[in-house]
Amino acid sequence: MLQLGDEITLYSLVFVLVLLGTRSPVWTTVFTASLYLFLAMFRFPQLPASRARQVLHPVKGAAGSGKVSVVAHRGGGHDAPENTIAAIREASKNGATGVELDLEFSADGVPILMHDETVDRTTNGSGPLSQMKFSDLGKLDAAAKHRFREKFAGEKVPTLEEAVEECIRLQLTIYFDVKGHPDKAAAALTDLYKKHPVLYNSSIVCSFEPKVIYRMRQSNSDVVTALTHRPWSLSRFGDGAPRFSSPWKHHWMTLMDMVLDWAHHHVLWKLCGISAFLIQKNFVSPDYVQYWAQRGVEVVAWTVNTKVEKDYYQELLQVNYITDSLVEDCDPHY
């Protein structure tokens, strides 16, 4: 639920900033009123909390404690080759509540599971995904670069359909991580929801790109959705190192980070009508969880890879989390 204080703060800030920039009370009032009307007319309402809870906290048992759901990142890329059927099965065997899967497309438009824009990191192939037909991807070994390559030798790059059917069979919640292609992704996912109505209560569509989530809500407003965010992602890498050597560019991108972060927390979530907010684990605290709870939005933390961290999220925060491994500690993932 949108808090009245949010509305007052948002429009007061906009009014003051525009007034300082234009020195015109008339144009400031017109702009602020226009922003209010835009959000009122084009934002999507949040789905009922009961629907979101059914997806985020299914009855099925989990590796976590109580109501906390544990989600295998890319199917659990530490325990099995990421974004594969083998990973989905391993996650289920190891007690995951759900799996996070990356949606991409082959050159001929087939929806598949793949995180990167190239196949180099995870397979024995090389080249951009955008130039490879699905028949070409079928020749690759998706386990070739994994530490358990011998155990999972010959694992294929799966289609989205194959992965979804396996998750349904295993009763796993699916976190669809959409990398881009708003129109193609929305069309592909809408077709899946029509073919498998069970997904309405067992899956959530997530993306770093608000336009993807907004397009998904336009295509099917009954789908549970989430925004994904890592503060300072424009100016710094995940480990905190600056992206740019130029001080001017670094400071400019830091400013853009501040604008983006403010937009996520005050405008974009309302515009998209999300039910959950996926945030990098280092920025989660009890106050942060409470901030979103007051707005009817659940926090999901990523990527939580040590037992100490997992205990913190399960016992203290009682927040769902995404992890690379269900069985042991592993390296940080940003």
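Given the structure is predicted, the values throughout are model-derived calculations rather than measurements.
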- Task: Examine Val224 and Trp302 and state if one hydrophobic cluster contains both, with Ile, Leu, Val, Met, Phe, Trp and Tyr joined whenever side-chain heavy atoms are less than 4.5 Å apart.
- Result: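 Looking at the clustering, Trp302 is in the same group as Val224.
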- Message: Could you tell me if Asp257 and Ser235 have a donor-acceptor pair between their side chains, going purely by distance under 3.5 Å?
- Response: yes
- Message: We want to know whether Ser203 and Tyr193 form a side-chain donor-acceptor pair, criterion being a heavy-atom distance below 3.5 angstrom.
- Response: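 Indeed, the side chains of Ser203 and Tyr193 share at least one donor-acceptor pair under 3.5 Å.
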Is a side-chain donor or acceptor of [X] paired with a backbone partner of [Y] at a separation under 3.5 angstrom?
{"X": "Asn94", "Y": "Glu90", "result": "yes"}
{"X": "Ser325", "Y": "Asp329", "result": "no"}
{"X": "Arg295", "Y": "Tyr291", "result": "yes"}
{"X": "Thr323", "Y": "Leu326", "result": "no"}
{"X": "Glu166", "Y": "Glu162", "result": "no"}
{"X": "His146", "Y": "Ala80", "result": "yes"}

- Message: My understanding is that only one of Met114, Glu104, Met132 makes a side chain to side chain contact (heavy atoms under 4.5 Å, CB included) with Val157; could you say which?
- Response: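 The option that passes is Met114.
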Answer whether the closest heavy-atom distance between the side chains of [X] and [Y] falls below 4.5 Å.
{"X": "Arg89", "Y": "Arg169", "result": "yes"}
{"X": "Leu129", "Y": "Leu137", "result": "yes"}
{"X": "Glu161", "Y": "Leu192", "result": "yes"}
{"X": "Leu103", "Y": "Leu189", "result": "yes"}
{"X": "Arg51", "Y": "Asn201", "result": "yes"}

- Starting from the C-alpha separation in whole Å, work towards a yes-or-no answer on side chain to side chain donor-acceptor pair (under 3.5 Å) for Asp141 and Asn124. CA-CA 6 Å; Asp141 182 353; Asn124 57 341; 5.3 Å; no
- Task: Let me see the working for Gln314 and Tyr321 under side chain to side chain donor-acceptor pair (under 3.5 Å), right down to the final yes or no.
- Result: CA-CA 9 Å; Gln314 289 173 184; Tyr321 63 86; 2.5 Å; yes
- Any chance you could lay out the side chain to side chain donor-acceptor pair (under 3.5 Å) test for Glu328 and His78, step after step, and finish with the verdict? CA-CA 9 Å; Glu328 62 183 4; His78 182 75; 2.7 Å; yes
- Given side chain to side chain donor-acceptor pair (under 3.5 Å), test Tyr175 with Asp102 step by step and report yes or no. CA-CA 9 Å; Tyr175 285 56; Asp102 296 303; over 6 Å; no
State plainly whether the residues [X] and [Y] are in salt-bridge range, i.e. N to O under 4.0 Å.
{"X": "Glu100", "Y": "Arg74", "result": "no"}
{"X": "Arg215", "Y": "Glu209", "result": "no"}
{"X": "Lys307", "Y": "Asp311", "result": "yes"}

- Between His229 and Phe283, does the ring centroid distance fall short of 6.0 Å?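 His229 vs Phe283: aromatic centres not under 6.0 Å.
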- Would you say the ring centroid of Phe42 lies under 6.0 angstrom from that of Tyr214?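 No; Tyr214 has its ring centre 6.0 Å or more from that of Phe42.
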- Item | Name of the residue among Thr122, Asp120, Asp116 meeting side chain to side chain donor-acceptor pair (under 3.5 Å) with Thr118 |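 It is Asp120; the other options fail the test.
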- Query: Parallel, tilted or perpendicular: which describes the rings of Trp248 and Trp252, with under 30° parallel and over 60° perpendicular?
  - Reply: parallel
